[in-house]
Amino acid sequence: MSTGKPAAAIALAGMLAFLATGIAAQCLRPDLDWMRVPNSFYLIGPWGGMVRAGYYAMALALALLGVGAYSELAPAARSAAPLLLFVMGGAALALTAIETTDTWNHPPTLHGYVHGVAAQTAFLCTATAMLLQSWRLRGDARWRRWFRPAFPYAALCFVLLWVQAFWRALPRGLSQKALILLMLGWLLGAAWQLLRGHGEASA
């Protein structure tokens with residue numbers, strides 16, 4: 001029995017939990033300027049445990065999405081690279097939630113450094129995994145038609161990741177949240193397609 005659909009179902013639930021806790025945090029923390037403050041600040045203080053739980057749910061979701069996609073694709077189209085990158089992205093995201101970020105007007109700390117490296121690793125691994133996983137769809141006749149929307153979307157997210165990283169004039173909170181929402185859109189779409197087994201329709 002394929003593990004693709006059960007993995008996709010759990011992954012979808014984890015992504016929705018991450019989205020729900022993220023939106024709730026914006027409403028429950030009016031003391032934080034959402035346009036200037038990165039998501040990491042919501043892990044500290046009131047409701048930080050809720051946000052952290054959302055991060056853990058998303059970490060599991062990334063790993064399971066990789067497992068689900070690997071299971072559903074034809075053997076010739078499978079690649080360990082996106083699977084490993086999704087797992088690494090999930091592990092890095094969990095570490096991001098564990099380690100506390102440095103805050104403004106405070107000296108840098110080791111845990112703040114680890115948090116920052118883990119967060120960037122999570123972004124980079126996930127965006128690269130999305131790109132590679134989209135590319136692999138070409139090798140499976142059942143899923144090939146989803147290559148056309150999936151690959152350009154993933155490529156856009158990959159480019160915007162670097163724009164957000166190097167264009168320091170952008171409002172950090174706004175640009176980071178926009179990038180997260182865009183990447184989450186691809187991830188939710190991928191999990192939904194795996195769950196519904198839409199690749200079977202073109203078999």
Side-chain angles (χ1 to χ4, degrees), residues 7-8 11-23 26 34-35 38-40 42 54-55 57-70 72-73 77 79-97 116-140 143-195 198-199:
L12 186 62
M15 293 173 196
L16 292 174
F18 174 76
L19 178 62
T21 56
I23 293 173
Q26 308 302 311
W34 67 274
M35 292 192 65
N39 267 20
S40 298
Y42 293 88
Y55 272 57
M58 188 65 195
L60 177 62
L62 288 172
L64 288 177
L65 180 66
V67 170
Y70 187 88
E72 286 298 306
L73 284 177
S79 171
L83 169 58
L84 291 175
L85 284 167
F86 275 128
V87 171
M88 289 173 60
L93 186 61
L95 183 59
T96 301
V117 171
Q120 294 305 317
T121 301
F123 271 116
L124 183 59
C125 286
T126 302
T128 306
M130 289 163 49
L131 200 61
L132 294 179
Q133 192 65 78
S134 299
W135 185 255
R136 299 302 299 183
L137 295 177
R138 299 176 309 114
D140 189 329
W143 291 96
R144 192 173 296 145
R145 66 192 179 106
W146 294 107
F147 165 78
R148 294 177 184 174
F151 185 77
Y153 192 152
L156 174 64
C157 290
F158 189 81
V159 170
L160 291 179
L161 170 64
W162 292 103
V163 171
Q164 196 267 345
F166 288 105
W167 192 354
R168 308 306 294 182
L170 290 172
R172 302 313 295 167
L174 176 61
S175 61
Q176 186 192 70
K177 292 175 179 68
L179 177 61
I180 289 172
L181 285 174
L182 281 171
M183 292 177 65
L184 192 57
W186 188 99
L187 294 166
L188 285 167
W192 180 247
Q193 296 301 336
L194 287 171
L195 179 61
H198 271 190

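Each residue takes its place number in the sequence, starting with 1. The shown structure was predicted, so the numbers you read here are calculated from the model rather than taken from an experiment.
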Could you measure the distance from the CZ atom of F86 to the CG atom of L187? Nearest 0.5 Å is fine.
6.0 Å
To the nearest 0.5 Å, atom CG of L181 lies from atom CG of L19 at 7.0 Å
Would you give the length of the straight line joining atom CG of L132 to atom CZ of F151, rounded to the nearest 0.5 angstrom?
8.5 Å
With sequence neighbours left out, the residues meeting side-chain hydrogen bond (donor to acceptor under 3.5 Å, both in side chains) with T128 are none
Results of side-chain contact (heavy atoms from CB on, under 4.5 Å) for L182 - residues two or more places apart only
Y153, C157, L160
Show me the donor-acceptor pairs, under 3.5 Å and distance only, between side chains in residues 169-180 and residues at least two apart or in other chains.
{"from": "R172", "atom 1": "NH1", "to": "Q164", "atom 2": "O", "distance (Å)": "3.1"}
{"from": "R172", "atom 1": "NH2", "to": "Q164", "atom 2": "O", "distance (Å)": "3.1"}
{"from": "S175", "atom 1": "OG", "to": "Q164", "atom 2": "NE2", "distance (Å)": "3.4"}
{"from": "S175", "atom 1": "OG", "to": "P171", "atom 2": "O", "distance (Å)": "3.0"}
{"from": "S175", "atom 1": "OG", "to": "R172", "atom 2": "O", "distance (Å)": "3.3"}
{"from": "Q176", "atom 1": "OE1", "to": "N39", "atom 2": "N", "distance (Å)": "2.7"}
{"from": "K177", "atom 1": "NZ", "to": "W34", "atom 2": "O", "distance (Å)": "3.0"}
{"from": "K177", "atom 1": "NZ", "to": "V37", "atom 2": "O", "distance (Å)": "2.7"}

Does the R148 side chain pair with the main chain of R145, one donor and one acceptor, at a distance under 3.5 Å?
no
My understanding is that only residues two or more places apart in sequence, or in another chain, count here; which of them pass side-chain contact (heavy atoms from CB on, under 4.5 Å) with C125?
L85, M88, T121
Do you know which two heavy atoms are closest between A17 and A57, and how far apart they sit?
CB-CB, 4.1 Å
What's the spacing between M15 CE and L60 CG if we round to 0.5 Å?
10.0 Å
Can you name the residues that form a side-chain contact (heavy atoms from CB on, under 4.5 Å) with L83, not counting sequence neighbours?
V67, Y70, V87
To the closest 0.5 Å, what do you measure between CD (E72) and CG (D140)?
9.5 Å
State which residues pass side-chain hydrogen bond (donor to acceptor under 3.5 Å, both in side chains) with Q26; sequence neighbours excluded, sorted by chain then number.
Y42
Any donor and acceptor pair, going by atom type alone, linking the side chain of R138 with main-chain N or O of R144 inside 3.5 Å?
no
So L194 and L12, do their side chains get closer than 4.5 Å, heavy atoms only?
no
Mind listing the closest non-hydrogen atom pair of A8 and A191 along with its distance?
CB-O, 3.6 Å
When rounded to the nearest 0.5 angstrom, what is the spacing between CG in L161 and CE in M130?
9.5 Å
What pairs with Y55 under ring pair (Phe, Tyr, Trp, His ring centres under 6.0 Å), at least two apart in sequence or on another chain?
F18
Residues which pass side-chain contact (heavy atoms from CB on, under 4.5 Å) with A94, listed by chain and number, not counting sequence neighbours:
Y56, A59
Taking side-chain hydrogen bond (donor to acceptor under 3.5 Å, both in side chains) as the definition, give me every residue that meets it alongside S134, ordered by chain and number, with sequence neighbours left out.
W186
Mind listing the closest non-hydrogen atom pair of L64 and A11 along with its distance?
CB-CB, 4.1 Å
Can you check whether W167 reaches W162 side chain to side chain, under 4.5 Å on heavy atoms?
no
Residues L93 and A122: closest non-hydrogen pair is N-CB, 3.8 Å
